[in-house]
Asker: 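There's a structure below that I have some questions on.
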Amino acid sequence: MAEMTPRERILASARKQRADKLPFFHWWRHMQTGWAERECRNRGMGIAWLRPPYVTKLHGVEVTEARAVVEGRSIVRRTFTTPVGTVYEDEFREPGTGQWKANRSWLSATPWLTAHLIKGPEDYPAVKYIAENTEYIADYFPLEQATEWLGEEGIMVDALPHSPLQMFLIYWTGSEGGRCFLHLADYLELVEDLLRAVSKSREPMYEIAANSPAPASFCGDNIDGGLMGARLFEKYCMPEYEKQAAILHRQKKLMMVHMDGRLDNVKHLIPKTPIDIIEAFHPVPMGDLALDEVMRLWSDKVIWMGFPASTFQVGPQATIAHMLSLLKEAVPGDRFAVEMSTENQVSSENLCALTSVLENVELPIRLEAIERLSIEFT
């Protein structure tokens with residue numbers, strides 16, 4: 001039987017099929033180009049690439065950007081002028097932003113907001129207007145281009161935004177000083193009216209994604225139990241996942257959600273969702289759940305595990321030891337893949353160290369095989 005390609009292995013994992021070897025891959029948005037990347041790809045590391053399947057057109061909204069200095073920090077102020085009000089957000093960009101990959105800085109950090117669109121109840125009408133007057137237009141060229149470039153080296157995935165509540169918590173109001181929770185307490189009717197409007201406006205976007213050439217769609221939610229409690233997750237996120245998945249699944253499209261934070265307080269709810277792939281799950285020490293527990297608890301979900309960046313900080317030998325330990329928890333390795341990183345760059349030395357383990361993992365994973373591999377690295 002011919003050896004599978006990185007693309008075939010990643011897709012086998014996504015579809016709950018058994019590959020010949022454990023799939024492992026790097027997200028293009030963090031991946032360095034050079035000797036280490038080339039060496040690791042030659043040894044089996046795949047690539048995953050996010051690109052949007054659509055473009056947007058705003059109707060009745062004027063958008064302007066201007067540079068400013070606020071509290072001694074250089075920012076970009078983005079202003080949205082609508083018939084029902086004007087709102088703005090301030091964005092801080094680290095050096096390199098716009099000059100490297102996926103709007104990231106030289107150190108792979110995305111821009112972050114220092115001022116959010118919604119500052120008070122007077123801002124809700126404008127943000128709702130923006131949502132209701134955003135037109136989504138299919139544009140599959142970016143996906144087709146990247147798929148042709150990748151070939152058998154990896155997979156292309158639809159890039160979709162956070163669910164409405166996560167957009168509210170992270171982007172539109174922000175969590176600084178508990179602001180988003182104060183709004184949920186003081187302006188619940190305004191919040192829920194906005195969330196309903198956003199959810200309705202997203203339906204054409206989900207249809208576009210369902211018909212794209214990518215095998216899976218990525219919801220960028222960044223779920224973390226420190227911000228997202230079980231009650232909010234169940235009331236607001238789960239219905240949106242149901243809506244999105246129903247549209248995607250009609251076209252045999254897989255749905256993945258970026259859940260890279262602490263998940264212990266929502267672990268009992270995740271099996272009740274229609275999500276196919278829990279993407280970027282981080283085990284302890286960065287997360288608050290062990291890998292073997294979620295493999296048992298989420299028995300019908302695919303787990304794409306982000307390797308803990310904190311372990312990289314200790315060096316290549318610690319990286320090797322921790323990966324060997326995690327492999328024991330992943331036995332037999334079905335429904336499982338390893339992401340070299342989900343949010344940060346990886347040093348060349350750590351990338352090669354992780355690859356030196358993963359290139360040797362055949363499926364099904366057997367404890368005795370991992371023990372032998374551990375001896376080799378001793």
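Only heavy atoms go into these numbers, but all of them, side chains included; no hydrogens, no water, no symmetry mates.
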Asker: Between Y136 and T56, is any pair of side-chain heavy atoms under 4.5 Å apart?
Answerer: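 Yes, at least one pair of side-chain atoms sits under 4.5 Å.
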Asker: Any ion pair linking K200 and E132 (charged N to carboxylate O, less than 4.0 Å)?
Answerer: no
Asker: Taking only Lys NZ, Arg NE, NH1 and NH2, and the carboxylate oxygens of Asp or Glu, determine whether R51 and E144 approach each other closer than 4.0 Å.
Answerer: no
Asker: For E153, which residues count as a salt bridge (Lys or Arg N to Asp or Glu O under 4.0 Å) partner, sequence neighbours excluded?
Answerer: R41
Asker: Could you tell me if the side chain of T114 sits less than 4.5 Å from the side chain of E71, heavy atoms only?
Answerer: no
Asker: Without swapping roles, check the side chain of K253 against the backbone of S217 for a donor-acceptor pair under 3.5 Å.
Answerer: no
Asker: For the side chain of D221 and the backbone of H258, is there at least one donor-acceptor N/O pair under 3.5 Å apart?
Answerer: no
Asker: Please check this pair: side chain of R335 against backbone of M295, looking for a donor-acceptor N/O pair closer than 3.5 Å.
Answerer: yes
Asker: One thing to verify: whether E3 and R9 come together as a salt bridge, which I'm taking to mean a side-chain N less than 4.0 angstrom from a carboxylate O.
Answerer: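 Answer for the salt bridge query: yes.
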Asker: Walk me through it: do N265 and F233 pass the test side-chain contact (heavy atoms from CB on, under 4.5 Å)?
Answerer: CA-CA 10 Å; N265 62 350; F233 184 84; over 6 Å; no
Asker: Looking only at side-chain N and O atoms, does Y206 offer a donor or acceptor that is under 3.5 Å from a partner on E240?
Answerer: yes
Asker: Would L227 and C180 count as a side-chain contact (heavy atoms from CB on, under 4.5 Å) if you check the C-alpha gap in whole Å, the side-chain angles of each, and the deciding distance to 0.1 Å?
Answerer: CA-CA 10 Å; L227 179 65; C180 55; 4.3 Å; yes
Asker: Please answer whether the main-chain N or O of A280 pairs with a side-chain N or O of D260 as donor and acceptor at a distance below 3.5 Å.
Answerer: no
Asker: Rounded at 0.5 Å granularity, tell me how far CD in Q345 sits from CE in M340.
Answerer: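 Going from CD on Q345 over to CE on M340, the span is 14.5 Å.
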Asker: For the residue pair P53 and D158, what are the closest heavy atoms and their distance?
Answerer: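 Distance-wise, the nearest heavy atoms are CB-OD1, 3.6 Å.
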Asker: Taking atom CG of L363 and atom CD of Q17, what is their separation to the nearest 0.5 Å?
Answerer: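 Going from the CG atom of L363 to the CD atom of Q17 covers 12.5 Å.
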Asker: Look at K267 together with E293 and state whether they make a salt bridge at an N to O cut-off of under 4.0 Å.
Answerer: yes
Asker: Taking atom CZ of F281 and atom CZ of F336, what is their separation to the nearest 0.5 Å?
Answerer: 9.0 Å
Asker: Are K21 and E359 close enough for a salt bridge, meaning some N to O gap below 4.0 Å?
Answerer: no
Asker: Could K119 and Y88 be counted as a cation-pi pair, given that NZ or CZ must be under 6.0 Å from the ring centre and within 45° of the axis?
Answerer: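 Positive - K119 is close enough to the ring of Y88 and near enough to its axis.
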Asker: Ignoring hydrogens and geometry, is there a side-chain-to-backbone donor-acceptor pair from D288 to D264 under 3.5 Å?
Answerer: yes
Asker: To the nearest 0.5 Å, what is the distance between CD on E343 and NE2 on H30?
Answerer: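 Here the interatomic distance stands at 5.5 Å.
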Asker: Sub-3.5 Å donor-acceptor pair from the side chain of E37 to the main-chain atoms of G34, do we have one?
Answerer: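 Yes: the side chain of E37 pairs with the backbone of G34.
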Asker: Please indicate whether K16 has more than 12 foreign heavy atoms, meaning atoms of other residues, nucleotides or ligands, lying under 6.0 Å from its NZ.
Answerer: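 Correct, the count exceeds 12.
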Asker: Taking T311 for its side chain and T319 for its backbone only, find out whether a donor-acceptor pair lies under 3.5 Å.
Answerer: no
Asker: Could you check if a side-chain atom of M45 sits within less than 4.5 angstrom of a side-chain atom of F24, using non-hydrogen atoms only?
Answerer: yes
Asker: Do F218 and V55 sit in the same hydrophobic cluster, where Ile, Leu, Val, Met, Phe, Trp and Tyr count as joined when their side-chain heavy atoms come under 4.5 Å apart?
Answerer: no
Asker: Would you please classify the geometry between the Y171 ring and the H162 ring as parallel, tilted or perpendicular, with 30° and 60° separating the classes?
Answerer: perpendicular
Asker: Do V294 and I270 come within less than 4.5 Å of each other through their side chains, counting heavy atoms only?
Answerer: no
Asker: Is R73 paired with D90 through a side-chain N to carboxylate O contact shorter than 4.0 Å?
Answerer: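 Between R73 and D90 there is no salt bridge, as every charged N stays at least 4.0 Å from the carboxylate O atoms.
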Asker: Are the side chains of N344 and S108 in touch, meaning some heavy atoms are under 4.5 Å apart?
Answerer: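 Contact flag for N344/S108 side chains = no.
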Asker: Compare all side-chain heavy atoms of W49 with those of W149 and state whether any distance is below 4.5 angstrom.
Answerer: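 Answer yes - side chains close enough.
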Asker: Any side-chain heavy-atom pair from M4 and P23 closer than 4.5 angstrom?
Answerer: no
Asker: Can you give me the closest heavy-atom contact between I320 and A353, atom names plus distance?
Answerer: CG1-O, 3.7 Å
Asker: Side-chain heavy atoms nearer than 4.5 Å, only ILVMFWY residues, links allowed to pass through others: does that put L248 and M259 together?
Answerer: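 Same hydrophobic cluster.
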Asker: With no hydrogens and no angle check, is any side-chain donor or acceptor of K128 less than 3.5 Å from a backbone partner on D193?
Answerer: no
Asker: Is it the case that the ring center of F312 lies less than 6.0 angstrom away from the ring center of F307?
Answerer: yes
Asker: Taking all non-hydrogen atoms of both residues into account, name the closest pair between D292 and E329 and its distance.
Answerer: N-OE1, 3.0 Å
Asker: Would R104 count as a cation-pi partner of W100, with NZ or CZ less than 6.0 Å from the six-membered ring centre and within 45° of the ring normal?
Answerer: no
Asker: Does atom CZ of R43 have more than 12 heavy-atom neighbours from other groups under 6.0 Å away?
Answerer: yes
Asker: So, Y140 side chain and I208 main chain: donor-acceptor pair closer than 3.5 Å or not?
Answerer: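 Yes.
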Asker: For Y236 and Q166, which I'm curious about, is there any donor-acceptor pair between the side chains at under 3.5 Å?
Answerer: no
Asker: Between K328 (side chain only) and I370 (backbone N and O only), is there a donor and an acceptor less than 3.5 Å apart?
Answerer: no
Asker: Go through the side-chain N and O atoms of H116 and D123 and say whether any donor and acceptor fall under 3.5 Å apart.
Answerer: no
Asker: Does atom CD (E94) have a neighbourhood of more than 12 heavy atoms from anything else shown, all under 6.0 Å?
Answerer: yes
Asker: Got a second to check how far L351's CG is from S341's OG, nearest 0.5 Å?
Answerer: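 One finds 9.5 Å between CG of L351 and OG of S341.
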Asker: If you look at every heavy atom in M255 and V257, which pair is closest and at what distance?
Answerer: CE-CG2, 3.8 Å
Asker: Name the atoms and distances for all side-chain donor-acceptor pairs under 3.5 Å in residues 57-65, with sequence neighbours left out.
Answerer:
from, atom 1, to, atom 2, distance (Å)
H59, NE2, E135, OE1, 2.7
E65, OE2, R78, NE, 2.9
E65, OE2, R78, NH2, 3.3

Asker: Which heavy atom of S13 sits nearest a heavy atom of V302, and at what distance?
Answerer: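 Closest approach of S13 to V302: O-CG2, 3.3 Å.
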Asker: Assess whether side-chain contact (heavy atoms from CB on, under 4.5 Å) is satisfied between W172 and L194, documenting all intermediate values.
Answerer: CA-CA 11 Å; W172 295 334; L194 173 60; 4.0 Å; yes
Asker: Between T97 and E91, is the side-chain contact (heavy atoms from CB on, under 4.5 Å) condition met? List the steps.
Answerer: CA-CA 11 Å; T97 302; E91 182 180 84; over 6 Å; no
Asker: If you round to the nearest 0.5 Å, how far is OG of S105 from CH2 of W112?
Answerer: 8.0 Å
Asker: Just checking R231: does its CZ atom have more than 12 heavy atoms from other residues, nucleotides or ligands closer to it than 6.0 angstrom?
Answerer: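 It does not: R231 CZ has 12 such atoms or fewer within range.
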Asker: Nearest heavy-atom pair of V191 and H183: which atoms, and what distance?
Answerer: CG2-O, 3.8 Å
Asker: Side-chain contact test, heavy atoms from C-beta onward, threshold under 4.5 Å: evaluate it for K235 versus E192 and give yes or no.
Answerer: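 Yes - at least one pair of side-chain heavy atoms lies under 4.5 Å apart.
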Asker: W304 and L289: same hydrophobic cluster, using ILVMFWY side-chain contacts below 4.5 Å?
Answerer: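 The answer is no; the residues belong to distinct hydrophobic clusters.
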